[in-house]
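Here is the structure we will look at, set down as structure tokens.
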Amino acid sequence: MPDLTAVKDALKNHQIELPSWAFGNSGTRFKVFGQPGVPRNPFEKADDAAQVHKYTGVAPTMAVHIPWDKTDDYAVLAAHAHEAGIRIGAVNSNVFQDDDYKLGSVCNPDPRVRKKALAHLLECVDIMDATGSRDLKLWFADGTNYPGQDDITARQDRLAEALRAVYERLGDDQRMLLEYKLFEPSFYTTDVPDWGTSLLHCLALGPKAQVVVDTGHHAPGVNIEFIVAMLLAAGRLGGFDFNSRFYADDDLMVGAADPFQLFRILHEVVKAGGLYPGQTLGITARSAAAAAQPKSPPVAFMLDQCHNIEPKIPAQIRSVMNVQEATAKALLIDISALRDAQLAGDVLAANAVLMDAYNTDVRPLLARLRDEMGLAPDPVAAYLASGYGEKIISERTGGSPAGWGA
Ligand code: RM4
Ligand code: MN
């Protein structure tokens, strides 16, 4: 049986990163429903993210998205986040919301547009230097809508060239995470549609280039844990963008559509040791500044979500708890019993070991864990009782609420 103290230690050290954009207004292409009290700038987003960390104890960083979180001095933003009790995490680039990018960004046939997109990506690395962030997350909306519109391999060459330039700009302790997505906004070809394409680029670049798996970015029925296992084995799983996927990429709360899949994914991560801070997959050296930062796990556990109809801060708390519950269950798998059954070819016994862990109610264990961490046993209830939600509604009047600017 797994050692409960070790399970609790792993859960105490777990780090789940929140997306700044989860706190702003969001919606679908049909309608954005505004909510009262949403942040008006990245500083207020950091304040809200800090609330999630305050009640869960395992969400110490907030990813930013440029230009949604544009500010004059990123060191000031980092200091503000620190003051609020968190740090700035991954920097997400945005080369999909400018008229110039109609035919793509770094894959665009026009060299002028490619140059502009690359300049933005390099600016994001400057921001990482100022915030002390380890990871640059790259997602490209590039692709084509019609057969013959552009040359598939020429676009790959342009992509490789831009990625190389970004890679060369990274510090020793920085990484770039290349995200893939099956389709949308392009409908015929997508330039980074799958983990194979992302991995090929990363392998060509070097160890600081890693694949990021956004759970929503797959076709229905894809076995995501298999992809995760392969990437972990190759030392190239840089992180996750967790969310759900009912029919396609919905950015709803992680674990909403399929908590069992989340558990299966986390089993692969736990088995490979991807949970534990201090391991430095792919990083060759640590600068003094980075060494002074609290250590991050080799696999970044990021949320990539939007809360269109539900209140945002409690939804982020719930999402963190969903990842935490699935992780706890994965940690409870009796690995030696599983291995024995597997090696004996006992199909049913092996499956039973996995299901026993999955069917365990881990909520009492997590309540005890929170108690040991000096937290309330029910984070959502504690947040709702705190009055913070009412406070931001009354205080945040005037100005424009933050949104994703689509
Ligand atoms: C994209 C992609 C990116 C995220 C944006 C908001 O679909 O998943 O990771 O930064 O959405
Ligand atoms: Mn994503």
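Numbering starts at 1 and runs along the sequence shown. Ligands are counted one by one from 1 in listed order, and the atoms in each one are counted from 1 as well. These numbers were taken from a predicted model, which means no experiment stands behind them.
Atoms of ligand 1 found under 4.0 Å from any heavy atom of N92, numbered from 1 in the order shown, are 10 (O). Remark: ligand 1 atoms within the under-4.0 Å shell around heavy atoms of H217 are 2 (C), 7 (O), 8 (O).
Annotation: W21 places no N or O atom under 3.5 Å from an N or O atom of ligand 1; distance criterion only. Taking only nitrogen or oxygen atoms, main chain and side chain alike, D214 reaches within less than 3.5 Å of ligand 1. Residue W68 has no nitrogen or oxygen atom sitting less than 3.5 Å from a nitrogen or oxygen atom of ligand 1, judged on distance alone.
Between H217 and Y180, the distance separating the two ring centers is not shorter than 6.0 angstrom. For Y358 and F263, the ring centers are positioned less than 6.0 Å apart.
Under 3.5 Å, the side chains of R370 and Q324 contain a donor-acceptor pair of N or O atoms.
Of all protein heavy atoms, the one closest to atom 11 (O) of ligand 1 is D304 OD2, 4.1 Å. Remark: minimum distance from atom 1 (C) of ligand 1 to any protein heavy atom is reached at W139 CE3, 3.5 Å.
The N, O or S atom of E179 lying closest to the Mn ion (ligand 2) is OE2. The Mn ion (ligand 2) lies closest to atom OD2 when only the N/O/S atoms of D304 are considered.
Of all the heavy atoms of D241, the ones lying under 4.0 Å from any atom of ligand 1 belong exclusively to the side chain.
Among H65, K137, E179, the residue whose heavy atom lies nearest to atom 2 (C) of ligand 1 is E179.
Between H65 and W21, the ring planes lie perpendicular to each other; the angle is over 60°, past the 30° to 60° tilted range.
Taking the charged nitrogens against the carboxylate oxygens, R158 and D150 do have a contact shorter than 4.0 Å, which makes a salt bridge.
A 6.0 Å sphere centred on CD of E184 holds more than 12 heavy atoms belonging to other residues, nucleotides or ligands.
Vertex the Mn ion (ligand 2); arms to D214 atom OD2 and D241 atom OD2; angle 110° (nearest 10°).
At least one test fails for K181 against the ring of F140: distance under 6.0 Å to the centre or angle within 45° of the axis. Cation-pi check for K31 over F33 is met; the charged atom lies under 6.0 angstrom from the ring centroid and within 45 degrees of its normal.
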